[in-house]
Protein chains: 2
Amino acid sequence: RTQAAMEESTSRTTKKKLVAVVGGGLVGSLNACFFAKRGFDVEVFEIREDIRKAKVVRGRSINLALSHRGRQALKHVGIEEKIVSQGIPMQARMIHSLNGKQYPIPYGRKGQVSLSVNNIATFSYYAIYSYPNTKLNFDHKLQDWSTETGLMTFVRPDGSKVQIKADLIVGCDGAFSATRKQFLRRSRFNYSQTYIPHGYMELTMPPVNGEFAMKPNYLHIWPRNTFMMIALPNLDRTFTCTLFMPFEDFEKITTGDEVIKFFQKYFPDTIPLIGVDALKRDYFRLPAQAMVSVKCSPYHIDDKCVLMGDAAHAVVPFYGQGMNAGFEDCIVFDEMMEQFNEDFSAVLPEYSRVRVPDDHAIADLAMYNYIEMRAHVNSKWFLFRKHVDNLLHFLMPKTIIPLYTMVTFTRTRYHEAVQRWHWQNKVINRGLLMSVSGAVLGGSYLLIKSPPNITNLLIPGEKIWSRLTELRTS
Amino acid sequence: RTQAAMEESTSRTTKKKLVAVVGGGLVGSLNACFFAKRGFDVEVFEIREDIRKAKVVRGRSINLALSHRGRQALKHVGIEEKIVSQGIPMQARMIHSLNGKQYPIPYGRKGQVSLSVNNIATFSYYAIYSYPNTKLNFDHKLQDWSTETGLMTFVRPDGSKVQIKADLIVGCDGAFSATRKQFLRRSRFNYSQTYIPHGYMELTMPPVNGEFAMKPNYLHIWPRNTFMMIALPNLDRTFTCTLFMPFEDFEKITTGDEVIKFFQKYFPDTIPLIGVDALKRDYFRLPAQAMVSVKCSPYHIDDKCVLMGDAAHAVVPFYGQGMNAGFEDCIVFDEMMEQFNEDFSAVLPEYSRVRVPDDHAIADLAMYNYIEMRAHVNSKWFLFRKHVDNLLHFLMPKTIIPLYTMVTFTRTRYHEAVQRWHWQNKVINRGLLMSVSGAVLGGSYLLIKSPPNITNLLIPGEKIWSRLTELRTS
């Protein structure tokens, strides 16, 4: 501790700047490590009590999919391996049909896996304490802060107030960010919050004879068009099943028997695995939870404050990128700190400029995948296109890269991934259309006597086009 | 006043319900008349002092375009004629080219005019006082209200507080509504505020020899692609010119000489009319003002509160529908009050359900017109399509109705107008494409020797298509 204290004193002399991280969740606690590593004084302010002391709060999602972007950020502060060793690799989606049949849809190439993880914040907390110039403050609720002076006011559970003046305030306090309120009072701050019509409910699938009840290394999906269920494996060999469904459908089910009837109709294979009694009980434990997508711009106020993670861009959970995007925020910010020599007045505007389009892109993709996961995976066109994409990726690995691969297994900027995806789709769809049209037109030509009837020639092409469009939108 | 007092007492006995209208602007004051006409006790709470006593605040838009929807609402409470007689009819847009040439683009058929109006709220105030059961409260700032009890707390300029309990709270307090804050605290409230990159600045064009400096019965437009200026006539024979331009361009101009240089380059015909000295002075009087588009949903909380006007749907000013949409809100709500026998618990959800898609549609249209007005009106395709649309409307007045006509001169629901517009565009564009393609294919056929080369046949069609697309997006 002596050495640490010395380091701390050196650091304070050279930097002197205090970074206040509001929110000690996944992104806040990781971000604190990034700032601490740079030698800043860092204080984290968390509204809840220390989660390491708290009882586990059930019914809210605790397992998450960790992929490339998130891992890169964890690696930067030296906790990647620890967390990966605690995660369960998921190598593919496993689709459950109504008739109980299962078939996998791979994510990408071999070895490209997402990890089902939880408790990352706990690891970050220990990492934070490995830096001398840091402090974790629990039970601190941000009441207000001044854009002029950076003075922050927190309320403690006993009603007392604490004030602290920070050089930089980093708002990582989630989708309902208190830090963000100050942004909303200013002119020219763009903001949107969109609730989707679906809610979610979590159910637990216990182990069978001490083993996972289903194949563990998959993200299990029961796509049912207007709703779906997914299941992610946990270290304790349970699965957390999450049912996503329109609120009005949740509300239609009011008795235990109706729950069973509903599951018999749509998820019959899960009834013996979750258990009839557990289903009847757990369905009514908590009401379905809402999901919100938040977008805003800019992410900063002057050189005083920056929003990151869900506070800047809460996304719906259907691309498994919420946490990964938040973690990548930390890398991107850190890269700019390097580039602009830790000058907040240069870093903050640049961060907004660069990061906003990427976060908006992943928010849109998550919303899009919400339809794809529950409906498109049932469509023949979708599966056909997945095969075509994978084949082309295999043949031309640098030219055609499936969107999912770019998003999940690379650090290609989200908005560039989307642009590239549109371009690829155009090329591939045109290629498909031309192949088919060419074949049909060629065939038609052979059938035509002279003189050729131009109108007839055009009809088959139109029919193919409309059939492809139909497939595509089915 | 005795009779009025009697009526009031009768009314209180039968209805007893107090409607509190927050905001005494255009929509709030008109809405108060609607509720008063139904016999409710109505109190209006306005944050500002009585505008009839206030000095005119210059530099913020005071003239507005009144069209069909707004007039219908005014008619309902008997003040249409008064206001129309004070307005100046605008029969067409007048486009000013860079070279100083002017040409009109008509809005619709003869007699279909918008009116440049102002001071409507003043008329509404007098109308409000013609009902016995009403009260206007100025200098009342809404601090908070309870969704449980409907208890509202207002702050007076001297810091004192006033509390009042209303049966229904009608939030007409504008784009930055204080009433809406309570909505934002609730789950599943969708909200977005979007600032456009353009700001606006108002300049006055004085009369010349006591007469209007330009033709008065037009909305004058100087479209310059990335920016534009418009001018609306006022009763005192001045024009209010509004310059819309990206903030960064406003900020580039820092001296009086630069203002003149800029106007010489882009609006040379206006310099003698506004005056060199006035230009140099007025450009720097106020910084450019921001414009925001607000969308939200739902518009109500239980049977306690409903948002209307800008509080529910602030739009950018480029379709001239902001006020008209707010006034139409009053009619739509009133129609539902009739339909559901003034049962707030039925009227409020139905109002949200029906009105949200229409308000979102006009918000989107206003945003779209922001591009059309400054850029498309310069495009040949745009003018060509206007002519085609007007011709088709003339030939088939019930089948093809230009969008502008539906929005401005009918009460066709906004979202239905948009749907119909998309359908019409599809039909018209296809018709145009088929005519052209048919002609070209026919021509090509004549040129082809046997055997016909199918590929060559297809190329002209594609070229025409891409040319049309090019024109369309130019």
Which bit of A:Phe176 comes within less than 4.5 Å of chain B, counting heavy atoms only: side chain, backbone, both or neither? neither
Any idea which heavy atoms bring B:Tyr191 and A:Tyr191 closest together, and the distance? CD2-CD2, 3.7 Å
Most heavy-atom pairs under 4.5 Å with chain B, out of A:Val292, A:Ile196, A:Asn190, A:Val294, belong to A:Asn190
When you look at CZ of A:Arg430, are more than 12 heavy atoms from neighbouring residues, nucleotides or ligands closer to it than 6.0 Å? no
For chain A, which of B:Ser293, B:Ala290, B:Ser187 has the most heavy-atom pairs under 4.5 Å? B:Ser187
d(A:Met291 CE, B:Arg188 CZ) to nearest 0.5 Å is 9.5 Å
